[in-house]
Amino acid sequence: MTPPASLKLASHEGRAAEAAPGPEAALAIRGLTVSYGQTPAVFSADATFPARTMSAIVGPNGAGKSTLLKAALGVIPRVSGEVTAFGRPVAEARERIAYVPQRASVDWDFPATAGDVVLMGLYRRMGLLGRVTGAHRRTVRACLGRVGMADFEGRQIGELSGGQQQRVFLARALAQGADLYLLDEPFAGVDAATERAIIDVLKALRDEGRAVVAVHHDLSTVTRYFEHVLMLNVRPVAEGPVETAFTAEALDATYGGRLAATHMDSLILATA
Amino acid sequence: MGAEFVQFSLPPILIGTLAAIACALPGNFLILRRQALIGDAISHVVLPGIVVAFLVTGTVAALPMLVGAGGAALVAVVLIEVIRRLGRIEPGAAMGVTFTTLFAAGVLLLERSDTSSVHLDVEHALMGNLESLVWLDATGWASLADPAALAGLPPELPRIAAACAVVVALTALFWRWLRISTFDEGFARGLGLPVGAIGLGLVATAALAAVAAFDAVGSIIVIAMFICPPAAARLMTDRLEVQVAWSVAFATLSAVAGYVLAGYGPLWLGHPHAVSAAGMIAVVSGAILALACLFGPRRTRSGAATGSG
Ligand SMILES: Nc1ncnc2c1ncn2[C@@H]1O[C@H](COP(=O)(O)OP(=O)(O)OP(=O)(O)O)[C@@H](O)[C@H]1O
Ligand SMILES: [Mg+2]
């Protein structure tokens with residue numbers, strides 16, 4: 001199955017795969033500390049997510065995974081730390097970053113269709129007053145098609161199921177044509193077929209030379225889906241290629257011994 | 001429909017319509033942000049603002065009134081933020097506290113001070129004086145092209161027209177920013193948009209509309225137009241563009257039909273006196289909202305509960 005010709009044009013508009021040269025880090029985090037109140041949610045975190053790679057962030061509930069992504073993007077303020085994307089401060093690299101929040105905290109009652117939401121991914125390129133052209137419309141349709149939502153373009157977003165909503169927000173990120181994708185639990189609450197479809201899209205992005213960083217909860221698929229992993233529990237516990245960093249000791253330290261030993265064995269076996 | 005219509009009905013209808021549109025446009029976004037009460041708050045705090053302006057300057061000239069009203073709106077917006085942050089209470093409660101207190105202060109000030117010599121009273125504040133905004137220099141439709149006659153237009157008309165033009169221009173210019181920051185604040189921040197400034201700008205625009213409209217039509221229309229046309233429009237469609245278009249149509253319909261019903265309705269019913277046009281415009285907008293609730297095509301949205309948190 002070859003993707004429609006318009007798709008290529010759509011998601012890159014010329015500025016394609018070669019965008020991330022060499023061993024440059026797609027996202028580099030240095031000494032990041034974030035706090036909502038007295039106690040820090042993320043403390044002194046370092047992480048280097050390589051370009052052209054699928055990276056996972058794993059850790060228990062409340063470990064600060066979402067917080068790390070939001071603070072890296074500047075959606076919430078950070079206490080300290082430096083974050084660069086492709087070697088530049090995040091504020092200067094925004095058009096190269098797309099972010100899909102965990103269960104998007106949007107107003108589901110808002111008068112917008114799935115197509116409208118995906119179109120928002122093009123706003124940065126269209127500018128404040130640029131017209132919506134036929135090419136933009138085709139991009140929207142292609143991106144919805146890529147996540148298997150082509151038939152829902154005109155549906156009000158509140159009238160979609162949770163998994164369908166998730167895919168619409170992924171389509172919006174695709175429309176942004178970014179080089180770095182930050183996804184907060186892209187597989188939460190989606191069925192097996194949808195998970196398959198989403199992982200295929202992400203791997204295609206990786207193969208095009210883009211970087212994907214996803215918060216991921218299903219430890220049994222970490223080794224199958226990702227090449228790089230950050231294990232986080234407020235502080236970073238381990239980071240590196242999955243084969244070396246995703247170990248029983250690291251899992252134990254990250255989850256505070258709450259994972260049964262037998263379960264852990266099966267996870268690590270999967271690596272071999 | 002000749003000279004008399006142009007003299008006595010055209011200016012109030014135009015002023016009412018422009019005021020309604022100026023309020024309805026920002027009202028769309030305020031409602032979607034669950035901030036509809038801000039419009040209410042602003043239109044209430046305008047009263048103490050103009051009373052203080054009168055006490056300070058001793059005149060009811062337009063400029064000090066507008067400055068006083070604008071200043072009061074600003075004070076209210078800041079107060080609401082302060083109460084919300086310090087008291088850690090929900091915005092609706094903060095707004096309620098702020099505007100009822102300030103409005104009550106305005107009424108007290110008005111009663112205690114000697115304003116009997118001028119046209120400044122509670123009824124005026126609520127209802128405005130739409131019916132009195134007549135154009136005596138007009139001799140017919142031709143006067144619309146006659147500079148000498150145009151100079152005699154009630155000054156409220158160019159003022160509200162200018163305010164309405166500013167509101168329309170700002171809404172059009174910042175349309176995408178407004179839509180995106182209203183729908184998905186996190187995404188807007190990720191794009192690097194000034195989300196906080198957009199929110200303040202929206203409230204400031206609403207304040208401009210409220211102050212300009214208050215001058216001509218009183219706070220009842222202002223409150224009704226911030227809420228009723230956009231709320232009714234939301235029930236007609238699932239597209240923001242279409243919703244805003246409907247809200248402008250409903251605002252216009254309310255103003256025109258309200259004015260006509262207020263002037264002639266009682267006569268048709270055998271009563272000799274017309275009723276307040278401002279009150280009737282608000283009633284018509286409420287009736288439109290009620291009809292939209294009963295018959296609007298998008299009044300049941302099943303998906304509203306699917307996503308949260
Ligand atoms: N808006 C907030 N205000 C106050 N505390 C917060 C807020 N958001 C998160 N926290 C706290 O910060 C910590 C980290 O939260 P975060 O959402 O980053 O965790 P997470 O790793 O994404 O968890 P999950 O796997 O459940 O999504 C938690 O202890 C949480 O209670
Ligand atoms: Mg999370």
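Just so we're on the same page: letters track the sequence lines, and every chain starts at 1.
Looking at Asp116(A), only its side chain comes within 4.5 Å of chain B, counting heavy atoms on both sides. Contacts between Tyr123(A) and chain B at a heavy-atom distance below 4.5 Å involve the side chain alone, from C-beta outward. Looking at Arg179(B), both its backbone and its side chain come within 4.5 Å of chain A, counting heavy atoms on both sides. Neither the backbone nor the side chain of Ala188(B) comes within contact range of chain A; no heavy atoms are under 4.5 Å apart. Heavy-atom distances place both the backbone and the side chain of Leu173(B) under 4.5 Å from chain A. If you measure heavy-atom distances from Val100(A) to chain B, you find no contacts under 4.5 Å at all.
Contact annotation: the side chain of Leu191(B) approaches that of Gln176(A) to within less than 4.5 Å [non-hydrogen atoms, C-beta and beyond]. With a 4.5 Å cut-off on side-chain heavy atoms, Pro111(A) and Val242(B) do not count as touching.
Ring geometry, Phe110(A) versus Phe183(B): the interplanar angle falls from 30° to 60°, so the pair is classed tilted.
To the nearest 0.5 Å, atoms CZ (Arg234(B)) and CG (Asp109(A)) are separated by 5.5 Å.
Formation of a donor-acceptor pair under 3.5 Å by the Arg239(B) side chain with backbone atoms of Thr113(A) is not found in this model.
The candidate from Gly154(A), Gly130(A), Ala91(A), Gly121(A) with the greatest count of non-hydrogen atom pairs under 4.5 Å with chain B is Gly130(A).
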*Run the numbers on Arg176(B) and Leu129(A) for side chain to side chain contact (heavy atoms under 4.5 Å, CB included), then give the verdict.*
CA-CA 8 Å; Arg176(B) 284 193 181 137; Leu129(A) 293 172; 5.7 Å; no
*asked:* The test is side chain to side chain contact (heavy atoms under 4.5 Å, CB included); show your working for Asp184(B) and Arg172(A) and say whether it passes.
replied: CA-CA 12 Å; Asp184(B) 191 344; Arg172(A) 180 175 72 180; 2.8 Å; yes
_Please evaluate residues Arg33(B) and Asp107(A) with respect to the criterion salt bridge (charged side-chain N to carboxylate O under 4.0 Å, His left out), reporting the C-alpha separation (whole Å), side-chain torsions for both, the decisive distance (0.1 Å), and the verdict._
CA-CA 9 Å; Arg33(B) 289 168 176 242; Asp107(A) 173 8; over 6 Å; no
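The environment of CD in Glu241(B) is crowded: more than 12 heavy-atom neighbours from other residues, nucleotides or ligands sit within 6.0 Å. The neighbour count for Arg137(A) CZ, taken as heavy atoms of other residues, nucleotides or ligands under 6.0 Å away, does not exceed 12.
Contact check on Arg155(A) versus Asp238(B) returns no salt bridge, with no Lys/Arg side-chain nitrogen under 4.0 Å from an Asp/Glu carboxylate oxygen.
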